Amino acid sequence: MNFPENNSPPKMLSKEWYLQEDVTIAAKSLLGKVLVTELNGLKTSGIIVETEAYNGIHDKACHAYGGKRTPRTEVMYYRGGVAYVYLCYGIHHLFNIITNKEDIPDAVLIRAIQPVHEVQTLLERRKMIKLKPTLTAGPGVLSSALGIKTELSGITLSPDSGIWVEDHGVSFSEDEIQSGPRVGVSYAAEDALLPWRFSVKGNKWVSPSK
DNA sequence: CATAGGATCGCCT
DNA sequence: GGCGATCCTATGT
């Protein structure tokens, strides 16, 4: 596998980490971080291997484009470090990490994870028998596998709230990161072409390209 | 109040 | 590759 060995103990991302101003840098440095949920007594996790950056009010693909505020998007304006979860196509709960200062609605969509621990629980939630990349390759299916639902939207990422991100000392250099256009945002005119989808090159847990 | 459509997925051909 | 599922959200009357 293409993850370096490391012996550093897991640590939480700091509150300050989420306040960084360049959401594309945040999206890239989230690759290799570990997304953990502990819900109903079940602890599950995976390594983030694919993300997309959404650049606040200037980004036509962003739900907060033009400064739009609605009950759904209000949490995007919170100070960085909260979850933004919304229902897509009536079925899928898509999980985002809000970054940047209060009132600047940047978000990173988590698009794929590599399962590590408690794979059996992930499989059960997905009603799957065999371990395959479709378990967690895609924003809808990874939320399903980790038990993430829209009711978590607006919650602060921390063990107290049942969902958080750990730093296990893994990060990737530019030449280990694949960049490309974001998926499913053709309505966003010229912003649809921005190369703001990021993934770990050659990793089999990344979602299929379109 | 009515309605259109979505940062997707899985099953079907 | 094509399409239906499924329901919340945003928008317009």
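Both backbone and side-chain heavy atoms feed into the values below; hydrogens, waters and symmetry mates do not. Because the structure is a prediction, the values reported are computed rather than measured. Reminder, nothing fancy here: chain letters follow the sequence lines and each chain counts from 1.
In this structure, A:His92 does not reach the B:dA7 phosphate: none of its side-chain N or O atoms is under 4.0 Å from OP1 or OP2. The phosphate of B:dA7 (OP1 or OP2) has no side-chain N or O of A:Arg197 nearer than 4.0 angstrom. Close to B:dA7, at under 4.0 Å from its OP1 or OP2, lies a side-chain N or O of A:Tyr187.
Atoms OH (A:Tyr89) and P (B:dT8) sit 5 Å apart, rounded to a whole Å. Distance, A:Lys149 NZ to C:dC8 P: 14 Å, rounded to whole Å. Atom OH in A:Tyr65 sits roughly 17 Å away from atom C1' in B:dA7 (whole-Å rounding). Atom-to-atom, CE of A:Met128 to P of B:dC9 comes out at 13 Å; the value is rounded to the nearest Å. When rounded to the nearest whole Å, the span between CE of A:Met76 and P of C:dA10 equals 11 Å. Per the geometry, CG belonging to A:Leu94 stands 17 Å off P belonging to C:dT6, to the nearest Å. With rounding to whole Å, A:Leu142 atom CG is found 12 Å from B:dG10 atom P. To the nearest angstrom, C1' of B:dC9 lies 19 Å from CZ of A:Arg125.
Going from the C1' atom of B:dG5 to that of C:dC3 covers 16 Å, rounded to whole Å. Straight-line distance between the P atoms of B:dA7 and C:dG1: roughly 22 Å, to the nearest whole Å.
For A:Pro139, the side-chain atoms get nearest to B:dC9 when compared with the rest of B:dA7, B:dC9, C:dA5. Relative to the side chain of A:Arg72, the nucleotides B:dC9, B:dA7, C:dT9 differ in distance, and C:dT9 lies closest. Distance from the side chain of A:Thr70 is smallest to C:dT11 among C:dT11, B:dG6, B:dA7. For A:Val185, taking side-chain heavy atoms from C-beta onward, the closest of the listed nucleotides C:dT11, B:dA7, B:dC9 is B:dA7. Looking at the side chain of A:Lys68, the nearest of the listed nucleotides C:dA10, B:dA7, B:dT8 is C:dA10. Considering only the side chain of A:Leu87, C:dC8 comes nearest among B:dT8, C:dA10, C:dC8. Checked against B:dG10, C:dA10, B:dT8, the side chain of A:Arg111 finds its nearest nucleotide in B:dT8.
Under the 6.0 Å distance and 45° angle rule, A:Arg79 does not count as a cation-pi partner of A:Tyr18.
Distance alone, capped at 3.5 Å, places no donor-acceptor pair between the A:Arg126 side chain and the A:Leu146 backbone. The backbone N or O of A:Ser207 sits less than 3.5 Å from a side-chain atom of A:Glu50, completing a donor-acceptor pair.
For the residue pair A:Arg125 and A:Thr44, a side-chain donor N or O sits within less than 3.5 Å of a side-chain acceptor on the partner.
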Which atom pairs, one a donor and one an acceptor, fall under 3.5 Å between side chains of residues 60-67 of chain A and the rest of the protein, sequence neighbours left out?
| from | atom 1 | to | atom 2 | distance (Å) |
| --- | --- | --- | --- | --- |
| A:Lys60 | NZ | A:Glu190 | OE1 | 3.3 |
| A:Lys60 | NZ | A:Glu190 | OE2 | 3.1 |
| A:His63 | ND1 | A:Tyr84 | OH | 2.7 |

Could you walk me through whether A:Arg69 and A:Glu74 pass the salt bridge (Lys or Arg N to Asp or Glu O under 4.0 Å) test, one step at a time?
CA-CA 6 Å; A:Arg69 284 177 183 261; A:Glu74 192 60 32; 2.7 Å; yes

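When both pairing distances are held under 3.5 Å, C:dA5 makes a Watson-Crick or G-U pair with B:dT8.
The residue A:Ile91 sits close to a base: some heavy atom pair falls under 4.0 Å. As judged by a 4.0 angstrom heavy-atom cut-off over every strand, A:Arg69 is placed among residues making no nucleic acid contact.
A stacking contact links A:Tyr54 to B:dA7: the aromatic ring centre lies within less than 5.5 Å of the base's six-membered ring centre, and the planes differ by less than 30°.
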